[in-house]
> 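So that we are looking at the same thing, I have put the structure below in structure tokens.
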2 protein chains.
Amino acid sequence: MATRRTAVSKSAKPDPSPLSRPVESGDIVEVVDTRFLQSLLGYNARRAALAVIEVFLQRMAPYGLRPVEFSVLSVILHNPGVTSRQLCTALNLLPPNLVGLIQDLQARGLISKHPHPHDGRAFGLHPTAQGKALMVQAEATAQTLEAEQLERLTPAQRKTLLQLLQKIYL
Amino acid sequence: MATRRTAVSKSAKPDPSPLSRPVESGDIVEVVDTRFLQSLLGYNARRAALAVIEVFLQRMAPYGLRPVEFSVLSVILHNPGVTSRQLCTALNLLPPNLVGLIQDLQARGLISKHPHPHDGRAFGLHPTAQGKALMVQAEATAQTLEAEQLERLTPAQRKTLLQLLQKIYL
DNA sequence: TATTGTTATACTCTATAACTATA
DNA sequence: TATAGTTATAGAGTATAACAATA
């Protein structure tokens with residue numbers, strides 16, 4: 001296993017700056033080749049999502065909103081009267097994980113629960129004035145962030161990217 | 001049953017102004033409008049990633065590989081001698097979270113640790129014959145899954161999607 | 001002094017079973 | 001019998017601080 005194969009680094013570009021270290025031993029990896037993973041949709045989608053969400057977390061911290069809370073509030077804002085069950089279906093959440101979230105948003109005065117007109121088991125969720133005001137700002141911040149994240153893409157590419165992603169999960 | 005249905009719902013197409021929509025009573029939501037979230041990259045990337053990974057989990061269960069284990073093994077397979085630190089950098093993992101993973105893969109006889117040729121602190125990670133055999137199958141399964149997931153996309157669209165995603169996180 | 005690998009640990013996220021009250 | 005909301009809890013995933021050995 002000593003000096004058999006040269007390094008695996010035959011990545012897209014040839015090594016631009018050979019360091020002062022000899023490159024003959026096959027046991028040393030200089031440039032990690034991740035091309036196989038980069039050919040997989042799941043890997044790329046996950047890496048991209050995490051990169052976006054990392055910045056999202058920072059920008060939404062002033063509003064005290066994590067991604068899930070932002071999503072829930074946004075759906076309630078645009079669908080006043082929506083039920084918990086509908087939220088779970090729309091956002092792919094599990095009911096038990098939504099309970100604490102709803103209670104927290106209610107305790108913060110951002111949403112309110114009203115009896116459902118036709119179903120005694122359910123509640124309609126509505127944004128409060130405070131919740132509306134917060135989300136107007138939060139959604140504007142999200143759109144600003146969006147523009148930054150997609151800076152390197154043309155408008156056509158941005159539209160294409162979103163459409164193709166939706167073809168995967170919708 | 002139908003007392004009054006001032007629903008907020010329409011098909012997701014005709015209304016060109018998603019924001020600033022005059023909602024009157026809106027106590028009953030028939031179709032949940034998620035168009036705002038669907039305009040955000042992070043939301044779409046995350047939903048797509050979760051959809052892909054859900055099937056990935058099922059297909060990789062026979063190999064006993066979760067996504068992270070698959071990624072780690074794949075990088076080791078294509079970069080024999082890679083160190084833990086390099087794995088962390090390449091896959092955006094934190095060192096403490098990799099320790100147990102490496103130990104587990106080693107205990108399963110899929111990888112082996114060898115002293116690093118030039119750095120006494122580090123170990124070079126190598127796939128065993130068993131690990132290679134497993135990953136040849138696992139990567140083939142991943143590629144089959146990939147073809148299924150991207151079924152609705154043309155070859156050009158597939159290439160475009162991966163390239164655009166990499167523009168986000170690379 | 002900085003870095004690699006490691007331990008311990010805490011916090012978040014996600015998943016499952018089971019209960020209640022209504023339909 | 002089925003569904004909406006809830007409770008409790010377990011498991012996976014992710015995070016930080018701190019330490020020993022080596023550079």
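Just so you know, these numbers come straight off a predicted model, no measurement behind them. Note: hydrogens, waters and symmetry copies are ignored here, and every other heavy atom, side chains too, is used. In what follows, every chain begins at residue 1, and chains take the letters A, B, ... in the order their sequences are listed.
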> Between A:R121 and D:dT6, does any side-chain N or O lie under 4.0 Å from OP1 or OP2?
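Negative; the distance criterion is not met.
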> Assess, by modelled atom type and distance only, whether the side chains of A:S74 and A:E139 contain a donor and an acceptor separated by less than 3.5 Å.
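Indeed, the side chains of A:S74 and A:E139 share at least one donor-acceptor pair under 3.5 Å.
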> With a cut-off of less than 4.0 Å, is there a side-chain N or O of B:K113 near OP1 or OP2 of C:dT6?
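Result: yes.
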> Specify the residue among B:L50 and B:R85 whose closest nucleotide of DNA chain C lies further upstream toward the 5′ end.
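So the residue in question is B:R85.
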> If the threshold is 4.0 Å, N to carboxylate O, is there a salt bridge linking B:E151 and B:R158?
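No.
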> Is the closest side-chain heavy-atom distance between A:I76 and A:N79 below 4.5 Å?
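Side-chain contact under 4.5 Å: no.
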> What's the CG-C1' distance between B:L87 and C:dT6, to the nearest Å?
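Value for this atom pair: 16 Å.
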> For D:dT3, take OP1 and OP2 only and decide whether either is under 4.0 Å from a side-chain N or O of A:Q86.
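No, no such contact exists.
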> Would a line drawn from the ring center of B:F36 to the ring center of B:Y43 be shorter than 6.0 Å?
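No, ring centres 6.0 Å or more apart.
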> Between D:dA15 atom P and A:I53 atom CD1, what is the distance in whole Å?
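Nearest whole value for this atom pair: 11 Å.
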> Take atom CD of B:E54 and atom C1' of C:dT14, then tell me their distance rounded to the nearest Å.
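Rounding to the nearest Å, CD of B:E54 and C1' of C:dT14 are 13 Å apart.
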> What nucleotide among D:dA12, D:dT14, C:dG5 has an atom nearest to a side-chain atom of B:R66?
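Out of D:dA12, D:dT14, C:dG5, the nucleotide with an atom closest to B:R66's side chain is D:dA12.
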> Nearest whole Å is fine: how far is D:dA15 P from A:Q58 CD?
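Spelled out: CD on A:Q58 to P on D:dA15 is 12 Å.
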> Rounded to whole Å, how long is the line connecting atom CG of A:L94 with atom P of D:dT7?
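Nearest whole value for this atom pair: 16 Å.
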> Check if the side chain of A:D119 and the base of D:dA4 share a donor-acceptor pair of N or O atoms closer than 3.5 Å.
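Side chain to base: no pair present.
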> Provide, to the nearest angstrom, the distance between the CG atom belonging to B:L101 and the C1' atom belonging to C:dT6.
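That distance rounds to 15 Å.
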> Output the rounded distance in Å from CZ (B:F123) to C1' (D:dA23).
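My rounded result for the distance is 15 Å.
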> Whole angstrom is fine here: how far is it from NE2 in A:H118 over to P in C:dT22?
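Checked: the NE2 to P distance equals 18 Å.
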